[in-house]
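Following: one structure in structure tokens, then a few remarks.
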Amino acid sequence: MVAVNTGIRDAKVMKISFRASNVDVAQDALTALTNRYGQVDAEASDVIVVLGGDGFMLETLGEARALDKPVYGMNRGTVGFLMNTYSEDALQERVAEAEEVQLNPLKMRAEGVDGKITEALALNEVSLLRGGPQAARLRISVDGRTRMEELVCDGALVATPAGSTAYNYSAHGPILPIGADVLALTPVAAFRPRRWRGALLPISATVRFDVLNPEKRPVRADADSRTVPDVRWVEVHSETSIVHRLLFDPGHGLEERLIREQFS
């Protein structure tokens, strides 16, 4: 997770591809901005500008990564942690001056009780949550070594620094600085061991969750917005071969937001 210069410096000739969520406020912004700055296909653009919230940003990042395009978001959603403040003015100049942060997602590999293997990427976290009225029972291994024989809980998650202020923070996990080569392993409502608060793991670690008695105590796995029901086991690691390029206004990047969040 590295902050770099955008490489986009000539605002006057910048080609922008706009993407907007389906909510009215985002569609209104799309109309206003394309009328003012034009619209080009993503393949021909210098930058993809996303109008919406964090959820829509996560949906768009896959397309942008495949094209190796930087993404600049403007908040037309709710929280907007991955977004910049919305304004119609001087957009090309803002993008030209923006700071680029490169983020590696998590890769999830999960096997369902039906034997099907599912793979998915997550920029924020991969979480396991009980799928029925009974608590989940999970065995946790790190790099092939069992670290916890049984965690009785509502669930558990592995979070990136970029995602550490999302579900991880709500589950009382730590906020991780951007650039920290660690992942957060955080329980959700742990019952046994009751006092376990989770662990910090090196970015290179592979975490495996084995679901104990999955037929009686079903568990689902979520990789950001991708859900796999009724899993037997889930493996999670940081996928360093994949890079997402996000742009932020100077002084309002992810590092500053993560620090600010800890004092709010």
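The stretch residues 187-203 participates, sequence neighbours left out, in no salt bridge (charged side-chain N to carboxylate O under 4.0 Å, His left out) pair at all. Counting only residues at least two apart or on different chains, the salt bridge (charged side-chain N to carboxylate O under 4.0 Å, His left out) pairs with a member in residues 56-74 are Arg19-Glu63, Asp68-Arg245. Sorted by first then second residue, the salt bridge (charged side-chain N to carboxylate O under 4.0 Å, His left out) pairs that include residues 161-179, not counting sequence neighbours, number zero. Listed by first then second residue, pairs satisfying salt bridge (charged side-chain N to carboxylate O under 4.0 Å, His left out) with a partner in residues 75-90 read Arg36-Asp89, not counting sequence neighbours.
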Between side-chain atoms of residues 121-133 and protein atoms elsewhere (two or more places apart, or another chain), which donor-acceptor pairs fall under 3.5 Å?
residue: Arg130; atom: NE; partner: Asp154; partner atom: OD1; Å: 2.7
residue: Arg130; atom: NH1; partner: Gly132; partner atom: O; Å: 2.6
residue: Arg130; atom: NH1; partner: Pro133; partner atom: O; Å: 3.2

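Glu99 CD to Leu247 CG: the interatomic distance, rounded to the nearest 0.5 Å, is 10.0 Å.
For the pair Phe209 and Arg139, the minimum side-chain heavy-atom distance is 4.5 Å or more. Within the 4.5 Å cutoff, side-chain heavy atoms of Leu200 are placed close to those of Leu176. Looking at Phe191 and Cys153, their side chains never come closer than 4.5 Å, going by heavy atoms from C-beta outward.
Scored by the salt bridge (charged side-chain N to carboxylate O under 4.0 Å, His left out) test, Arg208 finds Asp210, Glu235 as partners (sequence neighbours excluded). Evaluation of the salt bridge (charged side-chain N to carboxylate O under 4.0 Å, His left out) rule for Asp230 yields no partner, not counting sequence neighbours. Taking the side-chain contact (heavy atoms from CB on, under 4.5 Å) definition, one finds that Thr165 meets it with Phe81, Ile175, Leu258, Glu261, sequence neighbours left out. Applying the salt bridge (charged side-chain N to carboxylate O under 4.0 Å, His left out) criterion to Asp54, with sequence neighbours excluded, gives no partner residue. Residues satisfying the salt bridge (charged side-chain N to carboxylate O under 4.0 Å, His left out) test with Glu215, not counting sequence neighbours, are Arg232. Applying the side-chain contact (heavy atoms from CB on, under 4.5 Å) rule to Thr118 yields the partners Lys116, Arg226, Val228; only residues at least two apart in sequence or on another chain are considered. When the side chain to side chain donor-acceptor pair (under 3.5 Å) test is applied to Glu149, no partner is found at least two apart in sequence or on another chain.
In this model, no donor atom of one side chain and acceptor atom of the other lie less than 3.5 Å apart for Ser238 and Asn104. With no hydrogens or angles considered, no side-chain donor-acceptor pair links Asp222 and Tyr167 at under 3.5 Å.
In terms of modelled atom types and a separation under 3.5 Å, the side chain of Arg137 and the main chain of Leu212 share no donor-acceptor contact. Put simply, the side chain of Gln27 gets close to the backbone of Ser21: a donor and an acceptor are under 3.5 Å apart. The closest donor-acceptor contact from the side chain of Asn75 to the backbone of Met83 lies at 3.5 Å or more, if one exists at all.
Crowding of Asp114 atom CG: a count of heavy atoms from other residues, nucleotides or ligands under 6.0 Å exceeding 12.
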